[in-house]
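Right, one structure below, let's go through it.
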Amino acid sequence: GKNEYDLLVIGGGSGGLACAKEAAQFGRKVAVLDYVEPSPQGTSWGLGGTCVNVGCIPKKLMHQAALLGSALKDAQHYGWNIAQPVHHTWSVMAQAVQNYVKSLNWGHRVQLQDKKVKYFNMKGSFSDPHTVRGLTKAGKEIVVTADYIVLATGGRPKYPTHIAGALEYGITSDDLFWLKESPGKTLTPFVFNVSLECAGFLTGIGLDTTVMMRSIPLRGFDQARQMASLVTEHMESYGTKFLKRCFPTKVEKLKSNRLQVTWKNTDLGTEESDSFDTVMWAVGRAPDTKTLNLEAVGVKTNSETGKIIVDASEATSVPHIYAIGDITEGRPELTPTAIAAGKLLAQRLFGHSSELMDYDNVPTTVFTPLEYGCVGLSEEMAVQCHGSDNIEVFHAYYKPLEFTVAERDATQCYMKMVCLREGEQRILGLHFIGPNAGEVIQGFALGIKCGATYPQLMKTVGIHPTCAEEVTKLHITKRSGLDATVTGC
Amino acid sequence: SVQAHKEDKPQKMMEVNGLTPVPESYDYDLIVIGGGSGGLAAAKEAAKYEKKVMVLDFVMPTPQGSSWGLGGTCVNVGCIPKKLMHQAALLGQALQDSRKFGWQFTEEVKHNWMTMTESVQNYIGSLNWGYRVALRDNKVTYENAYGEFVGPHTIKATNKRGVEKLYTAERFLIATGERPRYLGIPGDKEYCISSDDLFSLPYCPGKTLVVGASYVALECAGFLAGLGLDVTVMVRSILLRGFDQDMANKIGEYMKEHGVNFIREFVPIKVEQIEEGTPGRLKVTAKSTTGNQIIEGEYNTVLLAIGRDPCTRKIGLDKVGVHINEKTGKIPVNDEEQTNVPYIYAVGDILQDKLELTPVAIQAGRLLVRRLYAGTTTKCDYVNVPTTVFTPLEYGACGYSEETAVEKFGEENIEVYHSHFWPLEWTVPSRDNNKCYAKIICNIQDNERVIGFHILGPNAGEVTQGFAAAIKCGMTKEQLDNTVGIHPVCAEV
């Protein structure tokens, strides 16, 4: 055609790269534009998007660092003689993590090259429906035209700009993983899974960490509050401080360069303050669409969220322009869904496939000190959809074998399965709190995809001794009111 | 003669099998011989249906004198202590990793065997106690006595002090499990230990020779090496017979690269004591299986893990006519766990052609009891039972091995999808990037249904469990492809 490329992808993150590489497999001419606007604190990074640079990857690695701290404590019970005290050096960890991330940036560039995908480190914006202007940091400009355009620019952390000093003195997850020096005593106000995960590993590596929450934790995750409160309960016993029913009103810088945060305690109606080394905001993420110039080409966005509206085939309101990943309205903000959607999109555009992305029953995990994995409906959603009389909730409090010798508290190790009460008792949702939650949930997500029923799960023999086997043994219902504590053997 | 003492006796059962007429009423509805995973599960289940149940459990001390409490192999000398010691070894590795993640502590870290073993034994003791309480709470009579059949519906129970009692029951469940096999060479019983002794060994085993290539051998060798001991494994022929050999070899490779020595195609022919002690010093003489070569080696401990034999030869089965496989000692049963004698059943490791796994024994025991007393018809499903080998690099599997799949379906009818992966947690500490591996075997003729799942990597058990459930639901490759991964975890591979 008259356009230079078959496909132009704007955004070199999980979704964008997957789509681009898949399209290249079909012998198409593909280009990727990727550009990282530095954070207010000046942090920037390479190719790969949020997940690789400031999301899943560094998060999980730092979570691992914290888990290893617990392992060091456990090890003594298991006979390992380690001289106390043990301490953690942020810069060693940060450098190791940052080096690994940089190797991934490099790996992505090599992959694009191998697959003959053209890569521009430029910020893209629409000139017309098939034309995108790319701008480098230095101001150099190029013009790219393409038959199809996929928007995958992701999102960036929001700032609570109504709070004085929030923007000037606070950081976000965009900065946390790239800090060269320890964040020290940290406050992270507002609770989403990001701040809980970060607060969790910061506590785990020995830092004084406080989470401030106005209302309920983990909005969006199992609104029955049960799972969210078990997670936060564990974190409290783990050492993270919680300031509940509080919200910050201002942040000021002290002469010592530390930060003074003032907040309102809605329970007591008082105003309180304390000093911190770091304030990390995690108030949600906003889609990165402002500079794309979407209005010029007529791509519709949700007026409230700013996210791009797409249909089941990821098409926007403009027929040849598509969008995937975190910028799309109504989609889970997860790397694997973006990747899968990106690949399927490429297969539909260039590979004669008609398969659409199935966003149902997408499993996910929150990597807090005690991990929470889930797939399917939350208890509340299930009740809402089917009525509490039509669902059965099986649950159990269990104790991982490895906690016994280590003398670890397993009070919040818990699982529950939400099923339809009648008929074949199809499983609607599974929730698991415990070590390696992601590893546990993954296979069951597969089962749920296959329409697993409660009887089928009961027929599955357990692997012994694991935590996951307890899922196949769930038999105590919430309805019965019986004590749900189970003993392993 | 029958001891009559209990007030409300169970209903009688008429003559069985044309044997001598049986008494009109029995002491118990059910007597379970063997207080292990299968036996206890069945006993507790039966008590739920208000049946009068007795459990006889007795542990014959090992040649080295080791013994243990109620709970069977799994709790005392199997799964539980094994996984805990495996965990101790994994923590040793974690210590090394943690330095790369910024943790700082002394360079030299040593492991104390006694601290670990004491903790493990204390935990096991709590389980033994828990079982006794559970039986009591369920009104199941428990006797720490050796049970053997002496006549139809009649069993003799002999306790530690030699006191004999006779009991009758309408039905019996044999769940006596197995014990480690010895080599039958000079010095084996005198100087060697088995897994029965290892988990309560009151001294560090030191430089150890593990004889055998079973999962027991590899798991033990694995954690002993992980704790810092000098370990050698002597293998007669192949590793993990019966398991997917592709995976078995990868496990062996990993262990070799991580400090376990292997002596392949040799068998010990003599074990002699050089010096007494805790541990002492032993000289092992071994002969090649492929030639005449003889080698010698010195070790502190020799651990035999060449297999397990069922405890069925000395429990009077001949007196009641229960058939056993003379060669193996295993008991053949029908698909309802019934022996050739209608009122005698069997579950667990002693069954012929069934899997030697705790959860299988528990499942079989429970379902059997529900069929007997609750009128259900559900039989134990032995197909697609998942399992995990807790070697240093863990191996989880469910369904067919590649070889068995090829044999059953033909190479052209199966498709194997596979991938190496590098757990994210291994990147920073620069651990092996090409060892973790996963493969699925699909049946092309049946919609590419997944008939085999194999994974080699951390937390293999946790990963495999869910996939086993999915395989039970008849998962196909397409469904697997359509399931979104959780990121970043190993299981998403």
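Heavy atoms only: backbone and side chains are in, while hydrogens, waters and symmetry mates are out. Order of the sequence lines fixes the chain letters, A, B, ..., with proteins taken first and strands second; residue numbering starts at 1 for each chain.
Between chain A and the residues B/Lys82, B/Met114, B/Gln479, the most heavy-atom pairs under 4.5 angstrom are made by B/Gln479. Counting heavy-atom pairs closer than 4.5 Å to chain B, the top residue among A/Leu457, A/Val86, A/Asp74, A/Leu344 is A/Val86. Comparing A/Leu401, A/Val97, A/Thr453, A/Thr335 by how many heavy-atom pairs each has under 4.5 Å with chain B, the most go to A/Leu401.
Of all heavy-atom pairs between A/Tyr78 and B/His111, the closest is O-NE2, 2.7 Å. In plain terms, the two heavy atoms of A/Leu72 and B/Ser98 that are nearest each other are CD2-OG, 3.9 Å. Closest heavy-atom contact between B/Lys83 and A/Pro465: NZ-O, 3.0 Å. The heavy-atom pair separating A/Gln76 from B/Thr115 by the smallest distance is O-CG2, 4.0 Å.
Both the backbone and the side chain of A/Thr89 come within less than 4.5 Å of a heavy atom of chain B. Heavy-atom distances place the backbone of A/His77, and not its side chain, under 4.5 Å from chain B. Proximity to chain A involves both the backbone and the side chain of B/Lys472, based on heavy atoms less than 4.5 angstrom apart. Heavy atoms of A/Glu355 lying under 4.5 Å from chain B belong exclusively to its side chain. Of the two parts of A/Val471, neither the backbone nor the side chain holds a non-hydrogen atom closer than 4.5 Å to a non-hydrogen atom of chain B. Using a 4.5 Å cut-off between heavy atoms, B/Ser126 does not touch chain A at all. Contact of A/Phe367 with chain B is made through the side chain alone, with heavy-atom distances under 4.5 Å. Interface remark: A/Leu67 contributes no atoms to any contact with chain B (heavy atom separation under 4.5 Å). Contacts between A/Met62 and chain B at a heavy-atom distance below 4.5 Å are absent for every atom of the residue. Contacts between A/Leu446 and chain B at a heavy-atom distance below 4.5 Å involve backbone atoms as well as side-chain atoms. Looking at B/Ile471, neither its backbone nor its side chain comes within 4.5 Å of chain A, counting heavy atoms on both sides. Looking at A/Ile57, both its backbone and its side chain come within 4.5 Å of chain B, counting heavy atoms on both sides.
Side-chain N/O atoms of B/Gln465 and A/Thr472 include no donor and acceptor closer than 3.5 Å. B/Asn112 and A/Asn81 share no donor-acceptor pair across their side chains, judged by distance under 3.5 Å alone.
Here the CG-CD1 distance, from B/Leu95 to A/Ile82, works out to 4.5 Å after rounding to the nearest 0.5 Å. Atom CG of B/Asp381 sits about 10.5 Å away from atom CD of A/Gln456, to the nearest 0.5 Å. Rounded to the nearest 0.5 angstrom, B/Leu84 CG and A/Glu402 CD are separated by 7.0 Å. Rounding to the nearest 0.5 angstrom, the gap separating the SG atom in B/Cys473 from the CD1 atom in A/Ile427 is 7.0 Å. One finds the CG atom of A/Leu68 at 12.0 Å from the CZ atom of B/Arg99 (value rounded to the nearest 0.5 Å). Residue B/Leu480 holds its CG atom at 11.0 Å from NZ of A/Lys449, rounded to the nearest 0.5 Å.
The main-chain N or O of A/Ala65 is found under 3.5 Å from a side-chain atom of B/Trp103 such that the two form a donor-acceptor pair. In this structure, the side chain of A/Glu439 does not engage the main chain of B/Val463 through any donor-acceptor pair within 3.5 Å.
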**OP:** Give the C-alpha distance, both sets of side-chain angles, the deciding distance and a yes or no for side-chain contact (heavy atoms from CB on, under 4.5 Å) between A/Val92 and B/Phe101.
**Re:** CA-CA 7 Å; A/Val92 172; B/Phe101 279 91; over 6 Å; no
**OP:** Show your reasoning for whether side-chain contact (heavy atoms from CB on, under 4.5 Å) applies to B/Phe467 and A/Gln442.
**Re:** CA-CA 8 Å; B/Phe467 285 92; A/Gln442 182 72 83; 4.1 Å; yes
